Engineer: 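Pasting a structure here, questions to come.
Each residue takes its place number in the sequence, starting with 1. Treat the numbers as computed from the prediction; the structure is a model and nothing was measured.
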Amino acid sequence: MAEEAGTGLVFHPMEPFKIHSLFGGEVHWYTPTNATLWMFIGILAISLLFIVGTRGRAIVPSRVQSVAELAYGFVHKMVEDVAGKDGLKYFPYIFTLFLFIVFANFLGLIPMAFTPTSHIAVTGLMAMAVFISVTVLGFMKNGAGFLGLFWVSSAPLALRPLLAVIEVISYFVRPVSHSIRLAGNMMAGHAVMEVFAAFAPLILFSAIGIAVTPLSVLAIVAMYALEMLVAFVQAYVFTILTCVYLKDALHPGH
């Protein structure tokens, strides 16, 4: 929190990330909150895109159907290229993750909206689900052979035990880096825009605002454009890392 004395200028960079009950009162695990509301809106938007937008199944697709088909083809090719044809069996799960993240990211750019993916509780749950799923799948598909993922057979024999320890540590760090990367990027961009927005009203309080306000508005526009790119890139990064982890589970040998 920051305040400039005598101007009434107050800003709270972390205000957009506060979780509060929709109907007042304390927040418990079962309480409907702004976070659950915007996750529901995201799911509803995805449903409208793929159920309503593609129900006609036109040979010459509408704009909505084209967007749905492009998203499907984009993720399908990603899974096939990274995890191989064996990985296409798990395409629905990966596609669902991508859609949820990309819609949550973009809906969070609407003024006064909430970005669920800026909270580690949301991204951490998704990352842990991926981690547990691919680990269980790796042992189910390969048995003890899955441990070959940690044994770098191409390295000199003397270095292999040390590299195995490093590989094990890096494997268990995966859900941490997987979740923090997404949440951190979404939170950072929104917080910076909030800081720039706080300087926009300066023109109403002081002479220096004549210079500062236009600059802050330009900065907000630039950051908003950058955040639109980040919203897609972070959904892509989370998804492609999921494909990489799936590939390791299906083909663990170095």
Engineer: Charged N to carboxylate O below 4.0 Å: is that the case for K247 and D81?
Structural biologist: no

Engineer: For residues 65-75, which side-chain donor-acceptor pairs fall under 3.5 Å, sequence neighbours excluded?
Structural biologist:
from: Q65; atom 1: OE1; to: A58; atom 2: N; distance (Å): 3.3
from: Q65; atom 1: NE2; to: A58; atom 2: O; distance (Å): 3.1
from: Q65; atom 1: NE2; to: E69; atom 2: OE2; distance (Å): 2.9
from: S66; atom 1: OG; to: S62; atom 2: O; distance (Å): 2.9

Engineer: Please examine the side chains of P175 and V130, heavy atoms only from C-beta on, and report whether any two atoms are closer than 4.5 Å.
Structural biologist: no

Engineer: Is the closest side-chain heavy-atom distance between T117 and Q234 below 4.5 Å?
Structural biologist: no

Engineer: Could you tell me whether a side-chain N or O of Y171 sits under 3.5 Å from a main-chain N or O of I166, the two making a donor and an acceptor?
Structural biologist: no

Engineer: Indicate, with yes or no, if V168 and V176 share a hydrophobic cluster defined by side-chain heavy-atom contacts under 4.5 Å among Ile, Leu, Val, Met, Phe, Trp and Tyr.
Structural biologist: no

Engineer: State, with a plain yes or no, whether a side-chain heavy atom of T115 is found less than 4.5 Å away from one of L109.
Structural biologist: no

Engineer: Is it the case that the side chain of T135 and the backbone of F131 share a donor-acceptor pair, with hydrogens and angles ignored and the cut-off at 3.5 Å?
Structural biologist: yes

Engineer: Side chains of F114 and H119: does their closest heavy-atom pair fall under 4.5 Å?
Structural biologist: yes

Engineer: Okay, side chain of T123, backbone of S179: is any donor-acceptor separation there less than 3.5 Å?
Structural biologist: yes

Engineer: How would you list, by chain and number, every residue that makes a side chain to side chain donor-acceptor pair (under 3.5 Å) with Y93, sequence neighbours excluded?
Structural biologist: none

Engineer: Would you say I41 and I101 are hydrophobically clustered, going by side-chain heavy atoms of ILVMFWY under 4.5 Å?
Structural biologist: no

Engineer: Do the rings of F238 and H178 sit parallel, tilted or perpendicular, given the 30° and 60° boundaries?
Structural biologist: parallel

Engineer: Which class fits the ring pair F150 and F146: parallel under 30°, tilted 30 to 60°, perpendicular over 60°?
Structural biologist: perpendicular

Engineer: Less than 3.5 Å apart, any donor N or O on the side chain of T33 or H20 sitting next to an acceptor on the other?
Structural biologist: no

Engineer: May I ask whether M186 and V233 are part of the same hydrophobic cluster, defined by side-chain heavy atoms of I, L, V, M, F, W, Y residues being less than 4.5 angstrom apart, directly or through others?
Structural biologist: yes

Engineer: Quick one: does any side-chain atom of N34 pair with a main-chain N or O of K18 as donor and acceptor, under 3.5 Å?
Structural biologist: yes

Engineer: Does F91 belong to the same Ile/Leu/Val/Met/Phe/Trp/Tyr cluster as L99, with side-chain heavy atoms less than 4.5 Å apart forming each link?
Structural biologist: yes

Engineer: Measuring from atom OG of S153 to atom CG of L163, what distance do you get when rounded to the nearest 0.5 angstrom?
Structural biologist: 11.0 Å

Engineer: So L37 and L22, do their side chains get closer than 4.5 Å, heavy atoms only?
Structural biologist: yes

Engineer: Hydrophobic clusters here meaning ILVMFWY residues chained together by side-chain heavy-atom distances under 4.5 Å, can you tell me if F23 and F40 are in one?
Structural biologist: no

